[in-house]
There are 2 protein chains.
Amino acid sequence: MTETATAAGPRSKSEQAYAAVKARIVDGTYSPGYRLVLAKIAEDLGVSVVPVREAIRRLEAEGLVKFERNVGATVSGIDPTEYLYTMQTLSIVEGAATALSAPLIGAADVARARAVNEEMRECLEHFDPVRFTRLNQDFHSVLFEHCPNPHILDLVHRGWNRLASLRSSTFRFVPGRARDSVDEHEALLRLIETGAAADEIERAARLHRSATLDAYLAQATSTEQQTAQQ
Amino acid sequence: MTETATAAGPRSKSEQAYAAVKARIVDGTYSPGYRLVLAKIAEDLGVSVVPVREAIRRLEAEGLVKFERNVGATVSGIDPTEYLYTMQTLSIVEGAATALSAPLIGAADVARARAVNEEMRECLEHFDPVRFTRLNQDFHSVLFEHCPNPHILDLVHRGWNRLASLRSSTFRFVPGRARDSVDEHEALLRLIETGAAADEIERAARLHRSATLDAYLAQATSTEQQTAQQ
DNA sequence: GCAATAGTTATCGTATACGATTTCGTACTC
DNA sequence: GAGTACGAAATCGTATACGATAACTATTGC
């Protein structure tokens, strides 16, 4: 359902393989570090290795897998540095996407986003981080789905996919951060409703993500362990 | 001779093919609309079609070629809409890259960039748009090459590659724009030298590219012809 | 003369096969 | 017992082959 404009035609086997493996990475079936053996995946999917190889290379281009010559592919890891890069990039492209979308966001969209945000608030009460995370994506989707520039939208999706692939690993919910996040969402909606300048919306959206990154970094620093040094 | 062996290990044939075809697209040997026949390229490069196919798909992911199932690949076209998307995206990621690089740019770098910019000014006198364009890339390379976030840097490079592939087509030099561009370069250097805030540098860099886009759009509107409708 | 259709050709998509490279386990030496 | 050398297994990388699909061409009917 996150596919970008599927033209509904008969998909080639390489596309099937791409979609299948991508889905497994994003939903956590293949978690970071998982070894992707071409022959095995090919057998699972009932195709030969050639289209699988092509699919893997596409996923590599998106940063979801790491490919080493004559060695093989693994699901991209949880290196904190990579996390920082991804979040920083996402803050930029997502900020832009949100700002570009803003003029196209209608009252109905805002209402929908607000409803999602209130659900998120409830998740805070019952401590349901899994649901919270999913709702968070829904919320932001409303904000940037109207982005008129498909290139930027694609970059946003890529960033989210990378984050999704890390979700089930050490990069978790930073407790104190969630409540602030919900409040920032509400503030963002207000800006959009009142037709604030694009600059301002972009800045707010970008800071929203930067704050999440900072919260993570603060936590990581306090923990002060190099969990993944490889 | 086109290959610039970058001190890496033995490249796979798919990588050779990727680099070779990419180079031909970027340097204009294969101009937009050019039909990329797998078998033909394979023969030219002395490899089989499988690695060529993989290379083409990678180039597709970068937006340099367009691939249609059971039909074939062509070098991505010059659709004005795509141009707009690319420039807009580039203005965002390049602005960010420049801002992130700024604190890392030393006096020597600024001097180098300034020298390049003065050369560009000379090109205006002798009307040498080809050289101007190349120098322009050199100038901006100095600004963002220190970008500490490789993801963002990669996005910038992709954008430049796409523009390069269009260079030899109808998207040309907009005469009145070039002089302003050189002045904006100088202003950018001043901001960097004086250690201006990242926000300010980002804004300036972004506007610099937006202005180029606007100049093109103004020209395109006045021309008002759909030159390439195919 | 033009449109529709059938046959031909060109090109892609993928399966299979095999050589190349790496990795892992085992035996041997010091 | 530790380290090294060798060999076997696993896996990747690419060539080749062939079926599938779309583009092209010639022929037929009107």
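Note that the structure is a prediction, hence the values are computed from the model and not measured.
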Atom pairs under 3.5 Å, N or O on each side, protein against nucleotides 5-10 of chain C: can you list them with distances?
none

For a quick check, with a 4.0 angstrom heavy-atom cut-off, what is the B/S/- contact string for nucleotides 6-19 of chain D, read 5' to 3'? -----SSSBBB---
Can you run down the salt bridge (Lys or Arg N to Asp or Glu O under 4.0 Å) pairs that involve residues 28-43 of chain A, sequence neighbours left out, and say none if there aren't any? A/K40-A/D44
Only pairs at least two apart or in different chains count here, so list each ring pair (Phe, Tyr, Trp, His ring centres under 6.0 Å) that has a residue in residues 44-74 of chain A. none
Any ring pair (Phe, Tyr, Trp, His ring centres under 6.0 Å) pairs touching residues 22-53 of chain B, not counting sequence neighbours? B/Y30-B/Y34
The residue among B/K22, B/E15, B/Q16 that forms side-chain hydrogen bond (donor to acceptor under 3.5 Å, both in side chains) with B/Y18 is B/K22
Kindly determine whether A/R206 and B/E202 satisfy salt bridge (charged side-chain N to carboxylate O under 4.0 Å, His left out), including the steps that lead there. CA-CA 14 Å; A/R206 194 185 280 198; B/E202 177 164 6; 2.8 Å; yes
Do any side-chain atoms of residues 50-61 of chain B form donor-acceptor pairs under 3.5 angstrom with protein atoms, and if so which ones, sequence neighbours left out?
from, atom 1, to, atom 2, distance (Å)
B/R53, NE, A/E54, OE1, 2.7
B/R53, NH2, A/E54, OE1, 3.2
B/R53, NH2, A/E54, OE2, 3.3
B/E54, OE1, A/R53, NE, 2.7
B/E54, OE1, A/R53, NH2, 3.3
B/E54, OE2, A/R53, NH2, 3.3
B/E54, OE2, A/R57, NH1, 2.9
B/E54, OE2, B/S14, OG, 3.2
B/R57, NE, B/E60, OE1, 3.1
B/R57, NH1, A/E54, OE2, 2.9

Is a salt bridge present between B/D154 and B/R158, judged by a nitrogen-to-oxygen distance below 4.0 Å? yes
